[in-house]
Asker: 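Okay, here's the structure, questions in a sec.
Note that ligands are numbered from 1 as they come in the structure, with each ligand's atoms numbered from 1 the same way. In this chain, numbering begins with 1 at the start of the sequence shown.
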Amino acid sequence: MISFALSEMQDNVRQMIHWFAENEVRPIALEADRSHEIPMAFHRKVKDLGISMGGLPKELGGEGGGLGAQKDGKGIKQGNRLAIIGAEEMAWGDPAVILSLPGPGLGGPPVNIMGTPEQKQKYLGIFKQEEPKWGAYGLTEPVAGSDVAGIKTKAVKDGNHYVLNGRKCFITNGARADWVVIFATVDPTKGRAGHRAFMVEKGTPGFSVGKIEEKMGLRASETAELVLEDVRVHQDCLLGGEKYYEGKEGFMGAMKTFDTTRPMVGAMAVGIARAAYEKALEYSKDQFGTARPSSRLSFNQELLARSKRRIDAARLLCWRAAWMADASVANAKEASMAKAYAARAAVDTLSDLVQVMGAAGVLNDQWVEKWFRDIKVYDIFEGTGEIQRIVISKRLIKDLKSF
Ligand SMILES: Cc1cc2nc3c(=O)[nH]c(=O)nc-3n(C[C@H](O)[C@H](O)[C@H](O)COP(=O)(O)OP(=O)(O)OC[C@H]3O[C@@H](n4cnc5c(N)ncnc54)[C@H](O)[C@@H]3O)c2cc1C
């Protein structure tokens, strides 16, 4: 029999993060959306509480060495499950604020997966410092979003250095990041085999911030363009070292990252949809309690019931994908299923919930309006819904062939 219950430890983590989301994140979220800014005092408080976006590895005493390394009742590690439980609660608090929390962010998984021990120490070690620090993940380019294999940023070897030239766009926390994992190609004719990942630090000559984007949603989260003009980095900045790239590892490194981050992004979408569902349910409660039965009420009841079904189904897909990652079972298909379903389900749910609330649903101080704007991007970043469906169908065909 499959158990869907959280263990005592998982539930303690959930409750702790929920407390933080409710008491620290929610109070600043609406103002942060309006001003596009999160106060530094908030980031410092987050640091003091020991909360970070993206984990530190075992060697650095991060979550890998703490709760995440503790096995569950069946002897399976649980770092990925804890990450998605936390992601749902944090996004329930506010999705834009959570993306802006200090920590390695999306840059953490590639450093953890591909980095040498020295690189992990150097780049992840900074997050143990008292002051808030950020990492970022620079893959997308103006002509290479879904088609990441087509990146054009060039890396040319020059003695013990590489010289990087190119442009990255839509990089979360890109301007404030202390370092960015920059994906580049040493030979565009080699496709994925030519890809390399470099650690590029803020302040490196030639590395600058371009445009900071104005967005429909997630307005408090910084989305930046990064420009690389003759940026010289030492060969020690090549993530994983030269040997790592004998084959397709550079690109595969980026892909492995997605197997752990996609369920997390799905879980964030679940958290946003759940937050909106709770607001719409609260709004509707009085109507259900006192009003005469009417077609409007039964229609709204159906929208609320459909929202709850979608939220629960999406959460189960995210949990499954995270459990597989914890159990070291290949989960590319399930990670894409979780992300594709959760993001789309949340977009549709938010649309329904604004409808349930009528005009109140489009008022900024009623929250659901904000989350309606925030949610759309969850079906775009970390691989669009269409790309997830392509990944899923390719894997299904592969499974069929090997059957
Ligand atoms: C707020 C925000 C934050 C982001 N943060 C980061 C970050 O930190 N780091 C980073 O590297 N990137 C980041 N991104 C970029 C994000 O990953 C890309 O936007 C995403 O991969 C889609 O790429 P694109 O926007 O170029 O769309 P395109 O690839 O141009 O796609 C446009 C449309 O065409 C569809 N499409 C494309 N190819 C196919 C196909 N083969 N078959 C069917 N349909 C297809 C897509 O599904 C989509 O609907 C961020 C984006 C946003 C909006």
Asker: With no hydrogens and no angle check, do the side chains of Trp19 and Glu89 hold a donor and an acceptor under 3.5 Å apart?
Answerer: no

Asker: Going by the atom numbers of ligand 1, which of them fall below 4.0 Å from some non-hydrogen atom of Ile390?
Answerer: 40 (C), 41 (N), 42 (N)

Asker: For the pair Trp179 and Tyr123, name the ring-plane relationship: parallel under 30°, tilted 30 to 60°, perpendicular over 60°.
Answerer: perpendicular

Asker: List every atom of ligand 1 that sits less than 4.0 Å from any heavy atom of Val377, numbering the atoms from 1 in the order shown and giving each element.
Answerer: 1 (C), 52 (C), 53 (C)

Asker: How about atom 40 (C) of ligand 1: does it have a protein heavy atom within less than 4.0 Å?
Answerer: yes

Asker: Only heavy atoms of Glu382, strictly under 4.0 Å: list the atoms of ligand 1 that pass.
Answerer: 17 (O)

Asker: Considering only heavy atoms of Tyr137, which atoms of ligand 1 have at least one such atom less than 4.0 Å away?
Answerer: 7 (C), 8 (O), 9 (N), 10 (C), 11 (O)

Asker: Kindly indicate whether atom 29 (O) of ligand 1 is approached by any protein heavy atom to under 4.0 angstrom.
Answerer: yes

Asker: Are the ring centres of Tyr137 and Phe183 closer than 6.0 Å?
Answerer: yes

Asker: Out of all atoms in ligand 1, which are within 4.0 Å of some heavy atom of Ile171? Include the element for each.
Answerer: 7 (C), 8 (O), 9 (N), 10 (C), 11 (O)

Asker: Check ligand 1 against Ile380 and write out every atom of the ligand that is under 4.0 Å from a heavy-atom position of the residue.
Answerer: 19 (O), 20 (C)

Asker: Just by distance, with hydrogens left out, do Thr153 and Glu141 show a side-chain donor and acceptor under 3.5 Å apart?
Answerer: yes

Asker: Just which atoms of ligand 1 are under 4.0 Å from any heavy atom in Gly145?
Answerer: 21 (O), 23 (O), 24 (P), 26 (O), 29 (O)

Asker: Is the closest side-chain donor-acceptor distance between Arg34 and Asn364 under 3.5 Å?
Answerer: yes

Asker: For atom 14 (N) of ligand 1, what is the closest protein heavy atom, and at what distance to 0.1 Å?
Answerer: Phe170 O, 3.3 Å

Asker: Sort out for me which residue in Val270, Ile272, Leu316 forms a side-chain contact (heavy atoms from CB on, under 4.5 Å) with Ile311.
Answerer: Val270

Asker: Closer than 4.0 Å and a protein heavy atom, does any atom meet both conditions relative to atom 1 (C) of ligand 1?
Answerer: yes

